[in-house]
2 protein chains.
Amino acid sequence: MTDRSYSSIIEQLRNANLRPTRQRMGLGRLLFSGDQQRHITADQLHLEAENAGLSVSLATVYNTLHQFCEAGLLREVVVDPGRSYFDTNTGSHHHFFNVERGELTDIPAELINVASLPSPPLGTQIDRVDIVVRVRND
Amino acid sequence: MTDRSYSSIIEQLRNANLRPTRQRMGLGRLLFSGDQQRHITADQLHLEAENAGLSVSLATVYNTLHQFCEAGLLREVVVDPGRSYFDTNTGSHHHFFNVERGELTDIPAELINVASLPSPPLGTQIDRVDIVVRVRND
DNA sequence: TGTCAAGTTTAGAATATTTCTAAAATATTC
DNA sequence: GAATATTTTAGAAATATTCTAAACTTGACA
């Protein structure tokens, strides 16, 4: 387990005013208990929950993913029209996206050097910078 | 009109083995006849066509947008889950995306300096690098 | 120019993802 | 343990996109 252990999840849910229900805890364990960072769609997580014997509806998977995003436990990644990916890595970083396989891989922020961003359109402020490096199989 | 004038569109369609039909020419004119670069969704273009008195089905708008992409006349931009934008600027560049308004603005490639891309995952090759600077209204 | 084959458009159905709704279940508080 | 608030859920609805197959248009050529 990473630093987001079982009790840490409860605590983070509490901080976000979310009750630690069976479903949230179960999905949290699936998402955060591995060593690896995960990039997963709602449907994939729903399937994984089913396979793990966790009974949870697709609606709840969607609700939970969004609540986890708001709580800062997850981050939504937009690379594919018509499908959202959720990323357990909430730190500053970017992505490789394998267009053929629909697979995301992290790129640590420090490995990409963005010099000289132009100033944003009048009346707006920069929220964040997303870099997606699209790759194809040889 | 830009350099992609009326006759130029016909020519480009021919090059792509696409017959210059009423629908394709009409949509081409809507997309390319202004001075400005355009960022538009299928639905927006369909509406615009209707307003311009061009009778064309939504299915054809989708077909045409994809064919124009394959022909290198357009480029698809993914910034919003569940909606595709099509960009008349096919050159190398990036985008501001106003999350609140759903509005895209071009950033010329030379205004962003990406130094030191890490090498792509084994067995893959870089297709392109998309940078999206998400902005919010003050 | 008329005919034919190939390509194109279309309405409507189908699909896929996501959100909504309101009723039942669960958690928290006292 | 009862009362209240939150959460989950199935199924319906919304949204964007793709598919299908029939009707239409185009281009080639006699």
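Everything numeric here is computed off the predicted structure, so don't read it as measured data. In what follows, every chain begins at residue 1, and chains take the letters A, B, ... in the order their sequences are listed. The basis for the numbers below is simple: all heavy atoms, side chains too, and nothing from hydrogens, waters or symmetry mates.
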Check every strand shown and say whether B:Ser55 touches a base, only sugar-phosphate, or nothing at a heavy-atom separation below 4.0 Å. sugar-phosphate
Please determine if A:Asp130 and A:Arg75 form a salt bridge, counting it only when a charged side-chain N lies under 4.0 Å from a carboxylate O. yes
Output the rounded distance in Å from NE2 (B:His46) to C1' (D:dA16). 14 Å
Could you tell me the Watson-Crick or G-U partner of D:dT25, where both distances fall under 3.5 Å? Say none if there is no partner. C:dA6
It should be established whether A:Gln23 places a side-chain nitrogen or oxygen under 4.0 Å from OP1 or OP2 of nucleotide D:dT9. yes
Could you run through nucleotides 22-30 of chain D and give me one letter per nucleotide, 5' to 3': B if any protein heavy atom sits under 4.0 Å from the base, S if only the sugar-phosphate is that close, - if neither? ----BS---
Does OP1 or OP2 of C:dT9 have a side-chain N or O of B:Thr60 closer than 4.0 Å? no
Would you kindly give the CG-to-C1' distance between A:Asn17 and C:dA27, to the nearest whole Å? 14 Å
Roughly, in whole Å, what's the span from CG in B:Leu65 to C1' in D:dT17? 12 Å
Is B:Asp138 close to A:Thr124 at the side-chain level, that is, under 4.5 Å between some pair of heavy atoms? no
Return the nucleotide paired to D:dC19: Watson-Crick means purine N1 to pyrimidine N3 with N6-O4 or O6-N4, wobble means G-U with N1-O2 and O6-N3, both under 3.5 Å. C:dG12
Rounded to the nearest angstrom, tell me the gap between atom CD in B:Glu70 and atom P in C:dG7. 15 Å
Between A:Leu31 and A:Leu74, is there a side-chain heavy-atom distance shorter than 4.5 Å? yes
Spacing between A:Phe68 atom CZ and D:dT7 atom C1', to the nearest angstrom: 13 Å
I need the CG-C1' distance between B:Leu45 and D:dT17, as an integer number of Å. 15 Å
Note, A:Pro120 side chain near A:Gln125 side chain (heavy atom, < 4.5 Å): no
Would a 4.5 Å heavy-atom cut-off, applied to side chains only, mark B:Asn137 and B:Arg101 as touching? yes
Please assess B:Phe97 against B:Val135 for the test side chain to side chain contact (heavy atoms under 4.5 Å, CB included), listing each intermediate value before the final yes or no. CA-CA 6 Å; B:Phe97 180 58; B:Val135 303; over 6 Å; no
Starting at CG of A:Leu18 and ending at P of C:dT28, how long is that distance when rounded to a whole Å? 12 Å
Looking only at side chains, do A:His39 and A:Asp106 share a donor and an acceptor under 3.5 Å apart? yes
Examine the side chains of B:His93 and B:Asp87 and answer whether a donor and an acceptor come within less than 3.5 Å of each other. yes
Interatomic distance, A:Leu13 CG vs D:dT8 P [rounded to whole Å]: 10 Å
Mind checking side chain to side chain contact (heavy atoms under 4.5 Å, CB included) for A:Glu70 and listing every partner two or more places apart, or none if nothing turns up? none
Set out, line by line, the N/O atom pairs under 3.5 Å between protein and nucleotides 12-22 of chain C.
residue : atom : partner : partner atom : Å
C:dT17  : OP1  : A:Arg83 : NH1          : 2.4
C:dT18  : OP1  : A:Ser84 : N            : 2.7
C:dT18  : OP2  : A:Tyr62 : OH           : 2.2
C:dT18  : O5'  : A:Tyr62 : OH           : 3.1

